[in-house]
Amino acid sequence: MKIEVGDHIVETRPSVKEPDKLKLWVRSGGRCVICNKYLLDLNYDISIGEMAHIVGWSKAKKSPRGDAPLALNQRNTVDNLILLCADDHKIVDTKSLLEEFTLNRLMQHKLDHESRIHHLTELQVDSESIVLRMLGGIRGVSVEVSKEHARNVIFNSEKKFAKFMDSFDKHGIEINLNTLPDPEESWEAYWSIGMNIINKSLRPLIEGVEKGAFRHLSIFAMTRIPLLVYLGYKLGDKIPSSLYQKHRGEQETWMWSEQVKAETFEIIRLKEVDSANVALILSLSGNINPDNLPPDVFANSNLYEIRPVGTTPNRDILRNKTSYENFNKTYHEFLSQIEITHKTCNEIHLFPSVPITAAIACGRGLMRDAQPAIIIYDRTGTSYKQTLTINSK
């Protein structure tokens with residue numbers, strides 16, 4: 001049947017040339033430009049992708065976006081085609097939705113998707129990042145981080161691509177602490193069980209590091225502070241890692257922000273006694289009143305505090321990654337200072353009011369069998385109670 005298209009008479013709808021088909025599939029990485037669905041059915045080994053026109057293939061009234069000023073001989077080329085799944089193909093060409101799926105919007109979808117595919121396929125093996133998620137309830141509030149958000153954060157922050165447990169290579173670590181009871185119900189058991197869960201969950205990661213299979217780690221964690229410190233201690237600093245901080249506000253995200261002020265931190269000596277005992281208060285997320293410390297620790301310890309310079313402690317103190325790095329540097333300066341000023345100190349009593357990443361940093365990078373043990377306290381009611389100890393000789 002002959003069809004009239006503008007000034008042209010064609011026998012059938014013109015076909016897309018094979019070179020343009022190949023270019024489109026390669027540029028799109030075999031995925032839908034809109035929803036990113038993989039367009040090869042692995043069960044039946046068939047293509048489920050559809051080529052769609054951005055500017056309709058003819059100027060007829062029923063041709064979606066066909067009235068755009070694009071020459072007919074350019075409409076079947078790769079620059080005017082997008083790769084879609086069947087569902088999204090139907091959506092973008094539905095008459096009632098044409099005002100939403102405009103020429104400009106589809107062109108932007110195509111540009112963004114094909115640029116991302118090009119970048120990802122250029123990444124070398126060292127651009128993989130193993131995702132570690134440790135999540136547990138904090139005083140009855142459960143926290144999650146979706147895989148899609150983690151992927152976006154890692155890609156936008158580090159230009160790396162994420163690997164998860166249920167990906168093809170099964171390279172993800174998930175530590176689920178949501179099954180733990182309320183610590184106030186059984187204080188010692190809570191911390192003991194939490195440490196055991198972390199130890200067991202980290203075995204695949206530790207084995208992978210020892211074999212040289214893992215080169216980078218991305219850490220998303222949120223649970224009680226002492227368990228975050230313990231996680232940092234178990235991970236150590238042998239594998240390059242990126243830590244992410246959950247930020248609240250108009251939009252909750254784990255992305256660092258360069259738009260907020262980079263904070264600096266100082267070490268303050270609050271109390272000096274004739275003793276080798278040392279206690280450290282970390283006043284980042286909030287202020288800790290020394291009067292709330294256990295009486296024996298307060299009476300018999302040299303008391304220090306690390307706090308932000310010129311800024312009131314608050315829960316958003318580490319929104320800028322540089323702020324986290326500055327805290328990490330100050331904390332390790334403190335540990336080095338203790339080795340000089342309190343040479344016989346065997347343990348440090350740690351009272352942290354800190355964001356996630358600062359807690360993990362407190363456990364990472366400790367010189368095992370050289371620096372003092374860290375006894376970590378957590379608040380219960382109006383006082384602080386001992387939880388667990390790291391770096392014990």
Side-chain angles (χ1 to χ4, degrees), residues 138-139 183-184 187-188 190-191 223-230 232-233 245 263-318 323-324 326-366 371-392:
I138 303 178
R139 293 178 170 86
E184 278 70 23
W187 190 260
E188 293 182 3
Y190 176 89
W191 307 109
T223 189
R224 297 288 284 253
I225 295 298
L227 291 177
L228 292 169
V229 179
Y230 185 74
Y233 179 69
Q245 176 75 44
E263 304 287 348
T264 57
F265 301 87
E266 60 183 342
I267 304 167
I268 303 171
R269 189 164 187 169
L270 300 178
K271 183 169 176 277
E272 182 177 359
V273 297
D274 186 15
S275 168
N277 298 329
V278 173
L280 173 64
I281 291 173
L282 300 178
S283 297
L284 274 67
S285 299
N287 289 298
I288 294 179
N289 187 342
D291 293 338
N292 291 332
L293 272 54
D296 58 328
V297 174
F298 179 76
N300 300 310
S301 300
N302 293 281
L303 184 59
Y304 293 84
E305 181 182 39
I306 294 178
R307 62 184 299 117
V309 177
T311 300
T312 302
N314 64 88
R315 68 180 186 177
D316 293 323
I317 198 73
L318 296 189
S323 299
Y324 155 73
N326 288 341
F327 166 76
N328 190 40
K329 180 180 178 182
T330 304
Y331 174 74
H332 286 282
E333 285 177 355
F334 167 79
L335 294 179
S336 298
Q337 178 181 320
I338 293 303
E339 293 183 64
I340 298 172
T341 56
H342 303 282
K343 294 181 180 180
T344 59
C345 174
N346 293 319
E347 55 189 27
I348 297 172
H349 298 267
L350 182 66
F351 299 87
S353 176
V354 295
I356 298 163
T357 50
I360 297 173
C362 287
R364 293 188 77 211
L366 289 176
Q371 290 179 319
I374 309 288
I375 303 173
I376 308 158
Y377 291 75
D378 197 23
R379 185 167 182 168
T380 174
T382 59
S383 61
Y384 285 84
K385 192 173 179 180
Q386 185 174 328
T387 61
L388 54 91
T389 301
I390 61 173
N391 211 37
S392 180

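Counting begins at 1 with the first residue of the sequence. Keep in mind that what you see is a predicted model, and the values were worked out from it rather than measured.
What you find for Cys345 and Pro372 is that their closest heavy atoms are O-CG, 3.7 Å. The two residues Phe327 and Ala361 have their closest heavy-atom pair at CE2-CB, 4.4 Å. Here the closest heavy-atom approach between residue Ser283 and residue Pro313 is recorded as O-CG, 3.5 Å.
Using a 4.5 Å cut-off on side-chain heavy atoms (C-beta onward), Ile376 and Trp191 make no contact. At least one side-chain heavy atom of Leu282 sits under 4.5 Å from a side-chain heavy atom of Cys362. Leu335 is listed as a side-chain neighbour of Ile348, based on a closest heavy-atom distance under 4.5 Å. Side-chain contact check for Ser383 versus Pro294: every heavy-atom pair is 4.5 Å or farther apart. With contacts defined as side-chain heavy-atom distances shorter than 4.5 Å, the pair Leu293/Ile281 qualifies. Two residues are said to be in side-chain contact when any heavy atoms from C-beta on lie closer than 4.5 Å; Ile340 and Ile338 fail this criterion. Side-chain contact between Pro290 and Leu303: present, with at least one pair of heavy atoms (C-beta onward) separated by less than 4.5 Å. Put simply, the side chain of Tyr384 does not reach to within 4.5 Å of the side chain of Val297, judged on heavy atoms.
Within 6.0 Å of CD in Glu339 there are more than 12 heavy atoms belonging to other residues, nucleotides or ligands.
Residues satisfying the ring-ring contact (aromatic ring centres under 6.0 Å, His included) criterion with Phe298, sequence neighbours excluded, are absent altogether. For Glu263, the salt bridge (Lys or Arg N to Asp or Glu O under 4.0 Å) partners two or more places apart in sequence, or in a different chain, are Lys261. Applying the side chain to side chain donor-acceptor pair (under 3.5 Å) rule to Gln337 yields no partners; only residues at least two apart in sequence or on another chain are considered. By the side chain to side chain donor-acceptor pair (under 3.5 Å) test, Ser323 pairs with no residue at all, sequence neighbours left out. Every residue two or more places apart in sequence or in another chain was checked for a side chain to side chain donor-acceptor pair (under 3.5 Å) with Tyr324, and none qualifies. Residues satisfying the ring-ring contact (aromatic ring centres under 6.0 Å, His included) criterion with Phe334, sequence neighbours excluded, are Tyr304. Checked against side-chain contact (heavy atoms from CB on, under 4.5 Å), Thr389 has the following partners two or more places apart in sequence or in another chain: Ala373, Ile375, Gln386, Ser392. Annotation: side-chain contact (heavy atoms from CB on, under 4.5 Å) contacts of Thr330 (sequence neighbours excluded): Phe265, Ile267, Ile306.
The only member of Leu350, Ile374, Leu388, Ile390 that meets side chain to side chain contact (heavy atoms under 4.5 Å, CB included) when paired with Pro226 is Leu388.
Sorted by first and then second residue, the salt bridge (charged side-chain N to carboxylate O under 4.0 Å, His left out) pairs involving residues 288-307 (not counting sequence neighbours) are Glu305-Arg307. Sorted by first and then second residue, the side-chain hydrogen bond (donor to acceptor under 3.5 Å, both in side chains) pairs with a member in residues 345-361 read Gln245-Thr357, His349-Tyr377; sequence neighbours excluded. Among pairs with a residue in residues 266-283, those fulfilling salt bridge (charged side-chain N to carboxylate O under 4.0 Å, His left out) read Arg269-Glu272, at least two apart in sequence or across chains. Contacts classified as ring-ring contact (aromatic ring centres under 6.0 Å, His included) and involving residues 271-291 (residues at least two apart or in different chains) are not found.
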CA sep, side-chain torsions, deciding dist, call: Tyr190, Leu227, side-chain contact (heavy atoms from CB on, under 4.5 Å) = CA-CA 10 Å; Tyr190 176 89; Leu227 291 177; 4.1 Å; yes
Could you walk me through whether Thr311 and Ile317 pass the side-chain contact (heavy atoms from CB on, under 4.5 Å) test, one step at a time?
-> CA-CA 9 Å; Thr311 300; Ile317 198 73; 3.7 Å; yes
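No donor-acceptor distance shorter than 3.5 angstrom exists from the side chain of Asn302 to the backbone of Val278, with no hydrogens or angles considered. A donor-acceptor contact shorter than 3.5 Å is absent between the side chain of Asn300 and the backbone of Ser275. Asn289 places no side-chain N or O within donor-acceptor distance of the main-chain N or O of Asn287, the cut-off being under 3.5 Å. Side-chain atoms of Arg379 come within 3.5 Å of backbone N or O of Gly381 as a donor-acceptor pair.
Taking OG1 of Thr387 as the start and CD1 of Ile225 as the end, the distance is 10.5 Å to the nearest 0.5 Å. Taken from CG in Asn328 to CG in Asn326, the straight-line distance is 9.5 Å, to the nearest 0.5 Å. With rounding to the nearest 0.5 Å, the separation of CD1 in Ile356 from CG in Leu318 is 10.0 Å. Here the straight-line distance linking atom OG1 of Thr344 with atom CG of Asn277 works out to 8.5 Å at 0.5 Å rounding. For the atom pair OG1 (Thr312) and CG (Asn314), the distance works out to 7.5 Å, reported to the nearest 0.5 Å.
A salt bridge is absent between Asp378 and Lys385; no separation between the charged side-chain nitrogens and carboxylate oxygens falls under 4.0 Å.
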